[in-house]
Amino acid sequence: EAGVAQSPRYKIIEKRQSVAFWCNPISGHATLYWYQQILGQGPKLLIQFQNNGVVDDSQLPKDRFSAERLKGVDSTLKIQPAKLEDSAVYLCASSTRTSGRYEQYFGPGTRLTVT
Amino acid sequence: QKEVEQDPGPLSVPEGAIVSLNCTYSNSAFQYFMWYRQYSRKGPELLMYTYSSGNKEDGRFTAQVDKSSKYISLFIRDSQPSDSATYLCAMMIQGAQKLVFGQGTRLTINP
């Protein structure tokens with residue numbers, strides 16, 4: 001079984017530029033999560049999708065961050081414009097209803113550096 | 001006050017030692033308790049989970065939950081250099097939608 005795929009793995013941009021990250025969850029997983037992990041901290045949930053609907057986006061900075069999951073499979077997370085404090089690893093995770101939401105499978109992450 | 005507190009370490013122990021990792025939490029509604037392991041430049045992977053209070057053992061790993069003290073632990077016996085990683089505790093309210101992670105403890109096992 002293939003794992004959660006993310007691209008790019010690394011991205012360096014200047015502040016005020018825009019950036020987009022892509023995630024392909026494990027086949028058949030209906031729930032998809034985007035997390036932000038700042039260096040030295042645990043992951044923080046940004047947004048959760050159930051199929052292509054948003055379940056929780058309470059911690060997503062909506063003035064600059066947006067996410068979509070078209071057709072209930074792949075997802076993209078966008079930042080526009082980026083700030084220095086957005087430097088972090090952006091993790092995508094997926095899970096199935098049958099396995100329970102506590103069992104989330106994570107991708108390798110995209111490491112974003114904003115200069 | 002953070003919902004989940006975890007000592008970030010770093011923690012360095014010799015190979016073969018018993019390792020104890022801990023988290024405390026403030027939200028009494030948490031019912032699911034997880035430990036994730038994260039190797040450098042990788043995503044977290046689920047190591048163990050426990051529902052409500054009690055102990056759970058899996059090979060060299062033992063997870064304990066004490067809800068009365070709002071305290072969870074992960075013990076690693078006969079530690080190996082391959083156990084060197086960051087260990088994240090995570091918690092969830094039953095029926096809720098999201099995991100709340102601790103800060104993570106960076107562990108190094110020295111050969």
Side-chain angles (χ1 to χ4, degrees), chain A residues 1-10 21 23-26 30-51 53-60 88-97 99-113, chain B residues 2-11 21-27 29-52 56 58 63 65 72 74 85-107:
Chain A
E1 179 181 71
V4 176
Q6 290 188 247
S7 68
R9 291 296 311 276
Y10 305 91
F21 313 127
C23 172
N24 181 239
I26 293 173
T31 310
L32 185 146
Y33 313 80
W34 282 102
Y35 289 88
Q36 180 192 59
Q37 187 174 24
I38 293 173
L39 184 65
Q41 297 184 21
K44 181 184 82 171
L45 180 69
L46 292 176
I47 189 167
Q48 177 186 345
F49 292 94
Q50 181 70 28
N51 295 309
V54 175
V55 175
D56 184 347
D57 63 356
S58 58
Q59 298 191 88
L60 185 74
V89 175
Y90 290 85
L91 295 162
C92 179
S94 68
S95 68
T96 66
R97 283 189 173 186
S99 68
R101 289 186 176 83
Y102 56 79
E103 195 161 3
Q104 298 182 14
Y105 298 84
F106 284 81
T110 296
R111 184 174 297 269
L112 173 68
T113 302
Chain B
K2 293 182 180 178
E3 278 190 291
V4 180
E5 299 275 1
Q6 184 176 8
D7 186 340
L11 182 62
L21 303 170
N22 312 292
C23 288
T24 59
Y25 62 95
S26 57
N27 190 342
F30 286 134
Q31 291 278 17
Y32 287 97
F33 303 91
M34 281 71 72
W35 287 95
Y36 279 80
R37 179 174 61 194
Q38 186 173 25
Y39 290 114
S40 180
R41 311 240 176 222
K42 301 286 186 182
E45 57 178 344
L46 182 65
L47 195 58
M48 295 190 72
Y49 74 88
T50 309
Y51 174 71
S52 194
K56 188 170 185 178
D58 184 1
V65 176
I72 71 170
L74 177 71
T86 296
Y87 289 79
L88 297 153
C89 63
M91 306 179 188
M92 187 174 68
I93 299 170
Q94 187 170 11
Q97 306 287 347
K98 67 180 182 182
L99 291 175
V100 180
F101 283 88
Q103 186 174 356
T105 300
R106 187 172 177 182
L107 173 66

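Numbered from 1 within each chain, the chains take letters A, B, ... in sequence-line order.
Of the listed residues (B:Lys42, B:Arg41, B:Glu45), the one with the most heavy-atom contacts under 4.5 Å to chain A is B:Arg41. Contacts with chain B were tallied for A:Pro108, A:Gly109, A:Gly107, A:Pro43; A:Pro43 has the most, counting heavy-atom pairs under 4.5 Å.
The contact between A:Ser58 and chain B is made entirely by side chain atoms (from C-beta outward), counting heavy-atom distances below 4.5 Å. Residue B:Arg106 does not touch chain A at all, counting heavy-atom pairs closer than 4.5 Å. Only the side chain of B:Gln38 comes within less than 4.5 Å of a heavy atom in chain A; its backbone stays farther off. Heavy atoms of B:Pro44 lying under 4.5 Å from chain A belong to its backbone as well as its side chain. Only the side chain of A:Gln37 comes within contact range of chain B, with at least one heavy atom under 4.5 Å from a heavy atom of that chain.
With a 4.5 Å cut-off on side-chain heavy atoms, A:Tyr33 and B:Lys98 do not count as touching.
Here the OH atom belonging to B:Tyr36 is positioned 5.5 Å from the CZ atom belonging to A:Phe106, to the nearest 0.5 angstrom. A distance of 11.5 Å separates CG of B:Leu46 from OG of A:Ser95, quoted to the nearest 0.5 Å.
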